[in-house]
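Note: hydrogens, waters and symmetry copies are ignored here, and every other heavy atom, side chains too, is used. Every chain is numbered from 1 and lettered A, B, ... according to where its sequence line falls, protein lines coming before strand lines. A quick note: this is a predicted structure, and the numbers were derived from the prediction, not measured.
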Amino acid sequence: MPRLVLIDGSSYLFRAFHALPPLTNAQGEPTGALFGVVNMLRATLKERPDYAAFVLDASGPTFREALYPEYKANRPPMPDELRAQVEPMCRIVEALGFPILREEGVEADDVIGTLALRAAAEGIDVTISTSDKDFAQLVREAAPGQGLVELVNTMTGSRMDSVEAVVAKFGVRPDQIVDMLALMGDSVDNIPGVPKCGPKTAAKWLAQFGTLDGVVAAADTVKGKIGENLRDALGHLPLSRELATIRTDVALPVGPRDLGLRERDVEALRELYTRYGFNQALRELDGGSAVDAAEKEPARARGGARYAAPAGGDAPAPDPALSAPGEYETILDVPRLETWIAELRRAGRFALDTETDSLDPMRARLVGISFAAQPRRAAYLPLGHDYPGAPSQLDRDTALEMLRPLLEDPQVAKIGQHGKYDLHVFRRHGIAVRGYADDTLLESFVLNSSQRHDMDSLARRLLGYETLPYEAVAGKGARQIPFNAVAVDDATRYAAEDADITLRLHHALSPRLAEAPGLQKVYREIEMPLVEVLARIEANGVMVDADELRRQTADLSRRMLAAQNKATELAGRSFNLDSPKQLQALLFDELGLPALVKTPKGQPSTNEEALEAIADQHELPRVILEYRGLAKLRSTYTEKLPEMVNPDTGRVHTSYHQAGAATGRLASSDPNLQNIPIRTVDGRRIRKAFVAPEGRRLVACDYSQIELRIMAHLSQDEGLLGAFAAGADIHRATAAEVFGRRLEEVTPEERRAAKAINFGLMYGMGAFGLARNLGIGRGEAQDYIATYFSRYPGVRDFMERTRQQAREQGYVETVFGRRLYLEFIQRGNQAQRAGAERAAINAPMQGTAADIIKRAMVDIDAWLAGQGGRALMILQVHDELVFEVDAGFVETLLAEVPARMSAAAELRVPLVVESGVGMNWDEAH
DNA sequence: GTCCCCTGCAA
DNA sequence: TATTGCAGGGGAC
């Protein structure tokens, strides 16, 4: 007969918490209750039930509160050490494969009761695993076609599987338990009973009178003080009985047969057991002895990642030494710091990390520094914890002067995780770090750009180590406190761990790079040298004319208001033009215009394409498009950029994310300066607000058609190579080929179509996309593409080769050996595979372009370093570099920079660079 | 407050 | 059913 195990999670959590000593793991987190629950669950799994569920109380009121507002009023709030264990417990339960049930408005008891009786009725044997005696009321013996319901308490090992067993334990039958509980009452749940009536008395009365009703009827015959108490309690006994009754008829979204156990997630369990120090469980996991059911399937894949490819680079069984907890100390006096400095110097290389009071490296103040020279041993040097009662710390400037020789010594190698941030912090505190040798973020990025590279993920994946989350020491959301307000002890656990884990990650990652010489070269020759260059660009910042932007804001506001009035008039009522939802109701429901475009979720879209499509049927769509364009410029640019000016420098400092795009491109944020408008007149005005200071100029240098040139190089297509060699206008040349014209005969319309083909091909576009882009029929678009491929057969072959390579080896490469893994190319569904193929075609071109400009940046930065500050690199926009240059130095820069950009790669086509000079970014184009 | 959706800017 | 990103406002929870 199949068996269902229902686990009363809440009861175990409480009992284990109170029964076990207050255990903690190496990080000092409480683990006692967790430990108890985990052991109970492991014992349950060994019994191999067919179905199981872990049931918890949900928040929110239940019917019992409605019945009796004082219900559970005496219950003390959950202790913090216990509360902290709930979330990890759920993660372990999940990872073990148990379904978790948490029903809003229904207590766990009633969920269990309902499922138990339903299952028994369906012929399933039910084991309720609980430490709560109240469940004895549910015990049933098996009957024909009916399963039994039994109780086990794995903490005591007791089992109640028959009426007899219940009688033996409580002196009453299961059907009398509720009456007994009503008579006894329950002080914890605040259920009133008969004062002085305990289990013995209740059992005696029930043996005598049969039921609660019988007891009530015979109340007058009970003698003595307790008889009086009984008679006084008569009024509330029915209520008490109802409160004590476990419901067996609540509505639930699942039935017993929905509660199959999933395969356990071994990786997740390893991490969690490691983190909480459950060594026995860990050994069992590795030995695989106890629960072998799980080994059949790999741990479930992580969702979300678009490429996410394990291929060569994924988690080995973590070395236990790497995943063990570390021992951390706090440096509070000069001798201790001297000892550490000596040790770090002796080691010759060490991991370091800074803690600050802000995420913005251009505003952050140093709060502390951590170091690690060998795994599992790290120290935290607090310098700026200033909460009331903070321990006395070393003076910041004194400590920094002590550290300066070490930090500025290029012979002592430093290892960081996202060290660019720390370089900023040190620079702004007067330390020019040298010898920044390795960055685990970039090691991971180069090894497999599709995965996550944050320290928590890396530690989990590569070390099987669960880091202390930042939220655990600083809180989260609105209640988050700055790091300087974090207690020094907590800070030490968090910060020293950062340095320790950085070092361990480097030990895990660098051998993998060594195994892949091509990748190591990308890491060593492109990414690592770029770190300091990016830090310099960010620190340089760009001057923004805030007044000009404010004038533009005013102008945009005026025109938005006009558009809004016009829209209100046309619609016949007012509505929120910023709300796609309201817009959709207005256009498609009220005005009855056709909804020709759908959003990804199937809603009628109000995007530009959709509005353009109905613009000839109504005036409103055009007005909305006008409004949208203005609103975008105002909210994203003219209003925001002035707010981003750093008060110290008077300039805007973006952040470049070196591991931001899987193809190898940089990404920019806070603010994003890689998407400043250029295509419309209003948009271009914003570029006029990016200015050069008095006596200087902005110089913009951009690669001409770099991705198409790379396509020519990679495909070695003769036609394409020839066109670039001849210095032709490539879109015109393409049009001439595809439309069978002489170059000078190509019409603007044909050139536009050819341009769309060129760009579309680089993105792996099909006939459908080209048709939509050009507003032509699909057949016609297909003809264009066919003609294109017949004129440029090398391109067609190249694309097929690329797809093939991606399918066979799971990744594609740039000219410089950077890889992009494409997980879905082999095992995705149809749409995912198609998407992966498009990405595969695009990545070598986009990625090679990224490699090239990165190389150029490193080279140019080195050159600029010797030019006495007469020019600064201030922006990178994928194929463009922007410089701020002394007016008298412009000539020199123009003689030097474009040449260096061109020389950044040797391709089969020339790398042409175009330059412009002006007082602002618009003019420099 | 946080998260998701829709929208739109750049190369 | 065209690649890579970042970010705004609305609105549900």
Side-chain angles (χ1 to χ4, degrees), chain A residues 104 306-307 449-450 476-480 575-584 597-611 624-625 627-641 644 654-657 659-680 682-684 686-687 702-703 705-708 756-774 778 781 785 812 820 822 830-831 834-847 849-850 853 875-880:
Chain A
E104 207 58 44
R306 234 165 304 181
Y307 320 93
S449 62
S450 319
K476 64 169 186 168
R479 284 187 302 283
Q480 189 164 76
F575 64 101
N576 185 347
L577 275 80
D578 291 318
S579 166
K581 208 178 150 188
Q582 293 185 29
L583 214 50
Q584 172 214 313
V597 184
K598 298 273 190 277
T599 69
K601 290 208 64 177
Q603 294 297 306
S605 174
T606 65
N607 68 13
E608 181 171 355
E609 188 188 348
L611 296 182
I624 293 163
L625 285 169
Y627 174 87
R628 283 250 181 95
L630 301 170
K632 172 79 179 181
L633 295 177
R634 188 181 73 168
S635 65
T636 311
Y637 302 106
T638 68
E639 274 185 339
K640 287 296 172 319
L641 285 171
M644 304 299 292
T654 184
S655 286
Y656 287 105
H657 309 292
T663 52
R665 268 196 185 178
L666 300 178
S668 154
S669 72
D670 308 294
N672 181 355
L673 295 185
Q674 291 181 323
N675 72 342
I676 303 301
I678 192 167
R679 294 175 192 182
T680 66
D682 284 324
R684 282 190 90 103
I686 291 166
R687 293 203 171 209
D702 68 282
Y703 286 105
Q705 307 294 355
I706 186 166
E707 293 189 15
L708 277 175
I757 296 172
N758 278 332
F759 278 104
L761 286 170
M762 285 190 297
Y763 300 143
M765 183 177 65
F768 181 95
L770 182 63
R772 194 167 66 164
N773 189 293
L774 289 175
R778 243 181 108 169
I785 293 174
V812 291
L820 176 66
L822 300 141
Q830 172 60 38
E837 284 191 1
R838 289 194 296 272
I841 286 173
N842 175 257
M845 294 180 266
Q846 193 180 112
I853 197 166
L875 293 171
Q876 190 256 38
V877 194
H878 306 309
D879 65 357
E880 172 185 6

With heavy atoms under 4.0 Å as the rule, sort [X] into base, sugar-phosphate or nothing.
X       : value
K632(A) : base
G683(A) : nothing
E707(A) : nothing
G760(A) : base
R679(A) : base
Y637(A) : sugar-phosphate
I678(A) : sugar-phosphate

To the side chain of [X], which of [options] is closest?
X       : options                 : result
Y763(A) : dA11(B), dT1(C), dG8(B) : dA11(B)
R687(A) : dC9(B), dG8(C), dA11(B) : dA11(B)
T636(A) : dT1(C), dG8(C), dT4(C)  : dG8(C)
N675(A) : dT3(C), dC6(B), dC9(B)  : dC9(B)
S635(A) : dA11(B), dT4(C), dG9(C) : dG9(C)
S669(A) : dA7(C), dT3(C), dG11(C) : dA7(C)
D578(A) : dT1(C), dT4(C), dG9(C)  : dG9(C)

Please determine whether a side-chain nitrogen or oxygen atom of [X] lies at a distance below 4.0 Å from atom OP1 or OP2 of [N].
X       : N       : value
Q582(A) : dG11(C) : yes
K581(A) : dA12(C) : yes
S605(A) : dT7(B)  : yes
T599(A) : dC6(B)  : yes
S668(A) : dC6(C)  : no
R479(A) : dG1(B)  : no
R665(A) : dA11(B) : no

Legend entry - Pairwise distance CZ(R634(A)) to CG(D682(A)) - rounded to 0.5 angstrom: 13.5 Å

Inset, instruction - May I ask you to say whether E707(A) pairs ionically with R665(A), meaning some side-chain N is under 4.0 Å from a carboxylate O? - result: yes

Protein-nucleotide distance ([X], atom [atom1]; [N], atom [atom2]), rounded to Å:
X       : N      : atom1 : atom2 : value
R772(A) : dT3(C) : CZ    : C1'   : 14 Å
L630(A) : dG8(B) : CG    : P     : 13 Å
I624(A) : dG9(C) : CD1   : P     : 19 Å
K601(A) : dT7(B) : NZ    : P     : 13 Å
H878(A) : dG5(C) : NE2   : C1'   : 6 Å

Inset, instruction - Measure across L822(A) and A840(A) and return the closest heavy-atom pair with its distance rounded to 0.1 Å. - result: CD1-CB, 3.5 Å

Inset, instruction - Go through the steps to decide whether L641(A) and L673(A) satisfy the test side chain to side chain contact (heavy atoms under 4.5 Å, CB included), and finish with yes or no. - result: CA-CA 10 Å; L641(A) 285 171; L673(A) 295 185; 4.1 Å; yes

Legend entry - Side-chain donor/acceptor of N842(A) to backbone N/O of M762(A), under 3.5 Å: yes

